[in-house]
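In what follows, chains carry the letters A, B, and so on, assigned in the order in which the sequence lines appear, proteins first and then strands, with residues in each chain numbered from 1.
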Amino acid sequence: MSYYADVILPLNIENLLTYSLSEEMRHQCQIGSRVAVPLGKKKLYTAVVVNIHQNQPLHYEAKPVKEVLDHYPILSINQLKLFKWVKKYYLSSFGLILKACLPNALLIQSETLLQLNDKISYKKQNLSDDEYLLLEAVEKHTQIKMSDAQKILGKTSGLKVANKLISRDLISIDRHIRRKYKPKLKTYIRINKTYETTENLKTLLNNLGRAHKQKEVVLHYFKLMGKSTKPLSKQNFKSQIDASDSVLNSLIDKGVFEEFSIQQDRIKNSKITTANHFSLSTPQREVFETIKSHFNSDDVVLFKGVTSSGKTEIYLKLIKEYLEKQQQILYLLPEIALTTQLIQRIKSQFADKVFVYHSKYSANERVEIYRHVLNADSGQIIVGTRSSIFLPFKNLKLVIVDESHENSYKQYDPSPRYHARDTAVVLASIHRAKVLMGSATPSLESFYNVKEGKFKYVELNKRFGDVKPPVIKTIDLKDKYKRKKMKGHFSDTLVERITETLSKGKQIIVFQNRRGYSPIIECLTCGHSPQCPHCDVSLTLHKTNNTLRCHYCGYRMAVQNKCLSCGSQDLSSMGFGTEQIEHEAKDLFPKANVKRIDLDTTRGKYDFENLIAGFENLEIDILIGTQMLTKGLDFRNVDLVAVMHADGLFNFPNFRAFEKSYQLLTQVAGRAGRTKTQGEVLIQTFQPQHRVIQDVITENYTNLYEQEMAQRLHFHYPPYYRIIKLVFKSKDYNRLNEAADWMGIYLKQIFSKNILGPEFPGIARIRNKYIKHIIVKIPPEQSITKTKSYLIKGIERYKAVSKFKSVRLNVDVDPYT
DNA sequence: AGCACGCCGACT
DNA sequence: GTCGGCGTGCTC
Ligand SMILES: [Zn+2]
Ligand SMILES: [Zn+2]
């Protein structure tokens with residue numbers, strides 16, 4: 001009897017495919033091993049074995065596995081369990097889950113590029129002839145396609161040999177796409193401490209004698225330091241002195257000036273103050289002990305800690321205990337919160353036990369970490385973004401989900417559309433691990449789980465050390481506009497407070513959750529406003545390069561000074577974004593260094609890190625930004641946070657709009673006064689009495705929770721009801737309507753009033769594709785599994801209708817919107 | 001994901 | 001007539 005292997009291919013294929021195994025291969029390969037298999041006409045794919053059996057397929061002849069790539073599994077049984085859950089719960093396919101799980105470099109295909117690694121000469125010994133041949137080919141061409149390697153060595157051994165070379169670190173794939181991620185550090189200049197006294201300085205100037213230029217440079221330095229105490233970057237200093245680089249460099253060589261970089265300094269500091277022996281405050285210790293005692297009886301704990309309460313120290317203490325027991329810990333963070341700041345802090349505690357898993361890292365680095373986790377033989381702390389829940393943990397005992405309210409834990413495209421917070425709970429239960437969810441503003445779902453007794457709860461309402469909560473005040477825009485107290489979008493009060501803060505040498509954060517200059521340009525004569533030709537949205541004005549842009553498809557056109565419809569020149573802009581605020585702030589505060597941080601100013605690889613560093617180093621006085629600057633960043637010198645237009649947050653067509661507004665405003669407010677001086681938060685709004693704003697001011701999460709939950713219950717929304725969203729997309733408007741209507745009728749027959757739609761979403765067309773939604777609401781008493789099986793049946797029937805073939809259907813379980 | 005297959009408009 | 005663009009189906 002011959003043997004067969006069921007494999008997952010990293011493609012969107014519904015079923016597992018079965019290949020035959022030779023006797024030899026059967027012994028080489030295990031469940032979880034990678035194999036090379038032929039698919040379709042000629043291509044070889046990397047697949048993963050999930051089942052080995054002797055049942056010959058009845059209706060087709062199984063093709064043979066070409067090659068066993070791993071003699072030991074790279075996918076564990078526990079990962080397969082998680083795959084099964086994700087497939088069933090999120091209605092996805094194994095292939096796409098596998099793709100989300102394995103680093104691409106483990107799934108090489110014919111089109112993959114092979115490239116030479118640096119510094120390989122010392123590893124070149126003991127290569128087989130084939131390995132040598134391939135390495136030579138790569139060396140000669142610097143990069144070749146996998147298919148070329150297969151031409152040289154034959155289909156099978158090409159793949160095998162390439163894999164060997166990759167595992168020996170000689171070649172790698174896709175290196176040009178993601179370079180090693182290393183934020184650049186700016187060099188700063190300061191005078192050697194000994195010359196800070198007048199006396200020593202005099203001696204120095206005397207000693208410099210004939211070196212006039214050097215004297216000048218030293219004097220210029222003191223002149224600058226007299227004006228401002230901000231750190232001086234080397235680059236900036238060089239541009240100001242009228243001398244060649246060698247002058248400054250020889251002063252540095254003599255030890256008169258010293259170079260330093262601020263980030264490194266901070267790490268050093270944190271090593272001295274925190275490494276190994278930091279201790280928790282009494283309230284922190286209480287929380288720590290409560291979490292541990294909860295873990296004795298329960299699996300999931302929700303930890304609500306106000307901003308600046310020192311949540312991270314508690315996590316670190318917990319991590320330490322698990323590491324000492326040689327166990328694995330997963331520390332999940334939203335992408336924006338996974339900053340170098342935080343990584344350094346964790347590394348200063350746990351050094352080489354720390355592994356960071358992040359999409360910014362290169363393909364090879366990710367493979368390396370994947371293998372480290374797979375082969376762990378001692379404790380590990382894995383810090384990662386949502387996809388790290390798919391890593392091959394062996395001995396996972398604790399999962400921390402930080403900022404657990406963050407919606408970026410929910411993946412949308414591509415499928416699997418999983419929520420990493422919820423999947424983490426399943427992951428933990430597979431491993432019999434504990435879960436700690438942290439947030440200053442927990443999601444209603446999590447808090448509801450506490451009320452239902454599913455999660456345990458602990459809170460920390462005291463800020464760490466002497467930090468006082470920021471004072472939050474509203475500014476009534478209606479009144480300010482009526483009394484003509486506005487300068488652009490800044491009220492007089494705000495201008496006053498900013499000026500005052502600047503004069504104290506403190507920093508300001510200005511929040512406006514919309515990028516660009518202005519979202520709509522309207523003709524005052526005929527009312528026309530320029531629309532995107534591919535999407536149903538109006539174009540946003542970007543003054544920086546005088547373009548009108550679509551934020552959905554990227555379409556851009558030059559700014560028109562006449563109305564495109566009637567030719568009138570009477571155009572007016574409506575609404576405002578960060579760019580406009582930046583312009584106004586530069587006018588209002590000409591002496592301040594104003595910078596903007598949003599998607600448009602952070603396109604480059606290091607832009608984000610550089611802006612954050614600039615702000616931390618006190619180079620930037622006023623930082624204007626979107627929600628990008630709300631997450632976890634720890635700015636020590638910020639005294640004032642301004643929200644330009646809170647009302648913009650409430651009007652999103654989304655049942656979570658208020659919850660999200662509360663979270664955003666609270667997080668933004670948390671950026672103010674993270675040290676001993678009490679921070680101030682000014683919220684400009686047309687509705688100062690809005691209940692969400694009032695809850696933010698009084699830190700009244702309970703009230704927000706109760707009010708929101710009443711709404712959710714009344715309108716049948718989560719957490720009471722579950723939601724599944726069906727998204728239909730098509731270029732053909734009529735087909736789309738027909739298809740969505742068909743499904744709507746089918747579902748209404750089963751679920752009647754618990755079906756919403758089909759209806760067009762707020763933006764009915766993106767990239768020339770029309771969109772329609774159907775919402776399936778699942779009442780608390782209705783079985784989710786049953787509902788899904790009805791849904792799957794419906795989708796199967798739908799897919800059998802040939803005229804709907806051109807209409808794409810996506811299923812989103814527990815959608816965010 | 002590819003790649004073949006088939007349908008429809010444009011062009012030798 | 002047929003060349004080739006794209007939309008659709010299938011892969012063990
Ligand atoms: Zn007009
Ligand atoms: Zn568009």
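- Within the structure, no pair that satisfies the side chain to side chain donor-acceptor pair (under 3.5 Å) test touches residues 790-799 of chain A, not counting sequence neighbours.
- Note: NE2 (His59(A)) to P (dC10(C)) measures 16 Å, nearest angstrom.
- Under the side chain to side chain contact (heavy atoms under 4.5 Å, CB included) criterion, Tyr72(A) pairs with Gln30(A), sequence neighbours left out.
- Between the OH atom of Tyr45(A) and the C1' atom of dC10(C) there is a distance of 12 Å, rounded to whole Å.
- Rounded to whole Å, atom P of dC12(C) lies 14 Å from atom CG of Leu16(A).
- Take Glu14(A) and apply the salt bridge (Lys or Arg N to Asp or Glu O under 4.0 Å) test, not counting sequence neighbours, and it matches no residue.
- Counting any heavy atom pair closer than 4.0 Å across all strands shown, Ile13(A) reaches a base atom.
- One atom, CG of Leu39(A), and another, P of dC10(C), lie 14 Å apart when rounded to the nearest Å.
- The CZ atom of Phe94(A) sits 16 Å away from the C1' atom of dC12(C) (whole-angstrom rounding).
- The environment of OH in Tyr412(A) is crowded: more than 12 heavy-atom neighbours from other residues, nucleotides or ligands sit within 6.0 Å.
- Going from atom CG of Asn12(A) over to atom C1' of dG2(B) covers 14 Å, rounded to whole Å.
- Taking the six-membered ring wherever Trp is involved, the centroid distance between the rings of His551(A) and His542(A) falls below 6.0 Å.
- Within 4.0 Å (heavy atoms only), Tyr60(A) reaches at least one base atom of the nucleic acid.
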Collect all protein-nucleotide pairs involving nucleotides 7-9 of chain C in which both atoms are nitrogen or oxygen and the distance is under 3.5 Å.
unit_1: dG9(C); atom_1: OP1; unit_2: Lys805(A); atom_2: NZ; d: 2.8

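- Screening residues 408-430 of chain A for salt bridge (charged side-chain N to carboxylate O under 4.0 Å, His left out), with sequence neighbours left out, gives Lys410(A)-Asp812(A), Asp413(A)-Arg417(A).
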Collect all protein-nucleotide pairs involving nucleotides 5-9 of chain B in which both atoms are nitrogen or oxygen and the distance is under 3.5 Å.
none

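- Atom-to-atom, CG of Leu11(A) to P of dG2(B) comes out at 8 Å; the value is rounded to the nearest Å.
- Legend: salt bridge (charged side-chain N to carboxylate O under 4.0 Å, His left out) pairs involving residues 756-767 of chain A, not counting sequence neighbours, sorted by first then second residue: Asp536(A)-Arg765(A).
- For Asp814(A), the salt bridge (Lys or Arg N to Asp or Glu O under 4.0 Å) criterion is met by Arg722(A), not counting sequence neighbours.
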Expected list for residues 735-742 of chain A: side-chain donor-acceptor pairs under 3.5 angstrom, two or more places apart:
unit_1: Arg735(A); atom_1: NH1; unit_2: Lys803(A); atom_2: O; d: 3.4
unit_1: Asn737(A); atom_1: OD1; unit_2: Lys772(A); atom_2: NZ; d: 2.6
unit_1: Asn737(A); atom_1: ND2; unit_2: Tyr733(A); atom_2: O; d: 3.4
unit_1: Glu738(A); atom_1: OE1; unit_2: Lys803(A); atom_2: NZ; d: 2.8

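- Straight-line distance from the CG atom of Leu44(A) to the P atom of dC12(C): 12 Å, rounded to whole Å.
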